[in-house]
Amino acid sequence: MNKRIISRLDIKNGILVKGISLEGVRNLGEPGFFSKAYYKDNIDEMHFHNVIATLYESNMMFDIIEKNSKEIFVNVSVGGGIKNIKEVDKLLRIGVDKVVINSAGVKDPTFLKKLVEVYGASTISVNIETAKVNDKYEVFVQTGRERANLDLFKWIEKVQKIGVGEIIVTDIFSEGKNKGYNINLFKKIRENLDCQLVAHGGAGPKE
């Protein structure tokens, strides 16, 4: 199985931040400084994520993305608050290779289907934030703040049928704690997955 190392840069108001379980973010500095450092470390892919876009309807960080995509020469993906084709089109035009959808896809799965039809499966990823509630993994939206009343595995099955090329799963309770990944969860997901799987949630402030 091919493995890729992806650096995720969580951005809030133009500043790189890091939280624990998607909460309590602390400021780390200018995103460009870290993206260049990761690029020099031979990272395989860079993911920029606007952690407050869905919550506060903030902009899509177009200036940050455009500047960084010209200075690093690896695949770039962007997520956080993407809610229409116009935003997707603009991101792709300024150098983004993939767009990552979460809340908008849960709200309207036909939006995901339309994106796959227009841009192709390899361009569209879905980020799924999940946590175990009463012995069952549920889907969360709004940067892990709201339960979507969706079973994780049923949502993954639906997303696969839509035809997205990649699924990114964030284990909320492991995120940012620097204790490793929830291996049992990702093994179970992998058993019935045909598309690419990206595991997120095992690293922490020392990454």
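- For the pair Lys90 and Phe62, the cation-pi criterion (under 6.0 Å, within 45° of the ring axis) is fulfilled.
- Checking side-chain atoms of Ser77 against main-chain N and O of Val99 turns up no donor-acceptor pair under 3.5 Å.
- Put simply, the side chain of Val17 does not reach to within 4.5 Å of the side chain of Ile11, judged on heavy atoms.
- The structure places CD1 of Ile162 at 8.0 Å from NZ of Lys113, a figure rounded to the nearest 0.5 Å.
- In terms of heavy atoms, Ala148 sits closest to Val141 at CB-CG1, 4.2 Å.
- Contact check for Tyr181 versus Asp171: no side-chain heavy atoms found under the 4.5 Å cut-off.
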For this session: Begin from the C-alpha positions of Leu9 and Ser35 and carry the test side chain to side chain contact (heavy atoms under 4.5 Å, CB included) through to its verdict.
Result: CA-CA 8 Å; Leu9 284 78; Ser35 65; 4.2 Å; yes
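- Contact annotation: the side chain of Ile72 never approaches that of Tyr38 to less than 4.5 Å [non-hydrogen atoms, C-beta and beyond].
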Problem set entry | Full working for side chain to side chain contact (heavy atoms under 4.5 Å, CB included) between Val126 and Val100 | CA-CA 5 Å; Val126 169; Val100 181; over 6 Å; no
For this session: Go through the steps for Lys67 and Glu71 under the test salt bridge (charged side-chain N to carboxylate O under 4.0 Å, His left out), then give the verdict.
Result: CA-CA 7 Å; Lys67 179 182 177 182; Glu71 297 176 341; 5.2 Å; no
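- Smallest separation of non-hydrogen atoms from Gly14 and Ile64: CA-CD1, 3.6 Å.
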Exercise. Under the side chain to side chain contact (heavy atoms under 4.5 Å, CB included) criterion, do Cys195 and Ile167 qualify, and how do the steps go?
Worked result: CA-CA 7 Å; Cys195 63; Ile167 295 175; 3.7 Å; yes
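- Two residues are said to be in side-chain contact when any heavy atoms from C-beta on lie closer than 4.5 Å; Lys86 and Asn84 meet this criterion.
- Under the 4.5 Å side-chain criterion, counting only non-hydrogen atoms from C-beta, His49 is in contact with Val51.
- A donor-acceptor contact under 3.5 angstrom links the side chains of Asn127 and Thr170, judged on distance only.
- For the residue pair Ser7/Glu45, the side-chain donor-acceptor check at 3.5 Å is not satisfied.
- With values rounded to the nearest 0.5 angstrom, Glu146 atom CD is found 8.0 Å from Ser103 atom OG.
- Of all heavy-atom pairs spanning Gly105 and Leu112, the tightest one is CA-CG, 3.8 Å.
- In the hydrophobic clustering of this structure, Val96 groups with Phe48; members are Ile, Leu, Val, Met, Phe, Trp, Tyr whose side-chain heavy atoms approach within less than 4.5 Å, directly or through other members.
- Residues Asn75 and Asp44 are not in side-chain contact: their nearest non-hydrogen atoms beyond the backbone lie 4.5 Å or more apart.
- Residues Phe140 and Thr130 have side chains not in contact (no heavy-atom distance under 4.5 Å, counting atoms from C-beta outward).
- Remark: Gln142 CD to Lys107 NZ distance equals 9.0 Å, nearest 0.5 Å.
- Atom-to-atom distance recorded for Ile189:CD1 and Leu185:CG is 4.0 Å, nearest 0.5 angstrom.
- For the atom pair NZ (Lys98) and OG1 (Thr123), the distance works out to 9.5 Å, reported to the nearest 0.5 Å.
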For this session: Kindly determine whether Asp10 and Arg8 satisfy salt bridge (charged side-chain N to carboxylate O under 4.0 Å, His left out), including the steps that lead there.
Result: CA-CA 6 Å; Asp10 288 343; Arg8 169 167 161 158; 2.6 Å; yes
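- A heavy-atom distance below 4.5 Å is not found between the side chains of Phe33 and Leu28.
- Considering every non-hydrogen atom in both Ile82 and Phe111, the closest pair reads O-CE2, 4.1 Å.
- Atom CD1 of Ile168 and atom CD1 of Ile6 lie 6.5 Å apart (nearest 0.5 Å).
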Side-chain donor/acceptor pairs under 3.5 Å, residues 149-160, sequence neighbours excluded:
residue, atom, partner, partner atom, Å
Asp151, OD2, Phe153, N, 3.0
Asp151, OD2, Lys154, N, 3.0
Gln160, OE1, Asp194, N, 2.6
Gln160, NE2, Asn192, O, 2.9

Problem set entry | Stepwise side chain to side chain contact (heavy atoms under 4.5 Å, CB included) check, Glu166 with Val198 | CA-CA 7 Å; Glu166 180 180 75; Val198 176; 3.5 Å; yes
